[in-house]
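Quick one: the structure is below, questions incoming.
Predicted model, so just to flag it, every value in this text is computed and none were measured. These values consider heavy atoms only, across backbone and side chains, with no hydrogens, waters or symmetry-generated copies.
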Amino acid sequence: MSNAPHIPVHLGSMSSVVKSIIKKFGKINSSTYITNAPYEGGSHLPDITVVTPYLKDEKVLFWVASRGHHSDIGGIVPGSMPPNS
């Protein structure tokens, strides 16, 4: 794993996201899953995780996951930096 699993926030929680996708969707196909659910491995709403299984002969060989942190999600104004904060 190349995502610093010893650091629990952001990248360290990505394995939890993959596990929650597997549990939630059961039979996995070649779909790409996108989530920002904090209770399923994300640390807060601006963390958007994209998870895709790598399949060969209909068997999952491994998972590819990426996370982007978007500051304009979850705020009352773009950039989540209102002038009255």
Side-chain angles (χ1 to χ4, degrees):
M1 213 183 266
S2 62
N3 68 1
H6 60 286
I7 301 173
V9 180
H10 301 295
L11 296 178
S13 63
M14 286 179 57
S15 62
S16 299
V17 174
V18 174
K19 289 174 187 174
S20 74
I21 295 291
I22 294 168
K23 183 178 179 182
K24 190 176 205 172
F25 292 98
K27 179 161 174 43
I28 301 297
N29 57 32
S30 61
S31 296
T32 294
Y33 303 89
I34 301 172
T35 183
N36 71 334
Y39 294 109
E40 295 178 0
S43 57
H44 56 165
L45 292 176
D47 288 339
I48 298 177
T49 307
V50 179
V51 180
T52 306
Y54 180 85
L55 297 149
K56 184 173 182 181
D57 299 325
E58 297 184 26
K59 181 180 178 188
V60 177
L61 295 183
F62 57 88
W63 291 84
V64 178
S66 302
R67 177 168 287 166
H69 182 84
H70 297 275
S71 61
D72 58 344
I73 294 175
I76 60 172
V77 297
S80 297
M81 299 288 286
N84 59 349
S85 59

Regarding T35 and T49, do their side chains bring together a donor and an acceptor under 3.5 Å, going by distance alone?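 Judged by distance alone, the side chains do not pair up.
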
Show the nearest heavy-atom pair for residues S31 and P53, with the distance to one decimal.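 Between these two residues, the closest heavy atoms are O-CD, 3.2 Å.
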
In the structure I gave you, are the side-chain heavy atoms of S15 and W63 within less than 4.5 Å of one another anywhere?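 No. Closest side-chain heavy atoms not under 4.5 Å.
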
Taking every non-hydrogen atom, the tightest pair across R67 and S13: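 So the two residues come closest at NH1-OG, 2.9 Å.
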
Any chance you could measure I48, atom CD1, to S66, atom OG, to the nearest 0.5 Å?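 I48 CD1 to S66 OG: 12.5 Å, rounded to 0.5 Å.
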
Using the rule side chain to side chain contact (heavy atoms under 4.5 Å, CB included), only one of V64, V51, V50 pairs with T32; which is it?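 Result: among V64, V51, V50, V50 is the only option passing the side chain to side chain contact (heavy atoms under 4.5 Å, CB included) with T32.
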
Main-chain N/O of K59 paired with D57 side-chain donor or acceptor, under 3.5 Å: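 A pair under 3.5 Å: no.
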
Should the pair Y54 and F62 be assigned to parallel (<30°), tilted (30 to 60°) or perpendicular (>60°) ring geometry?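 Parallel.
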
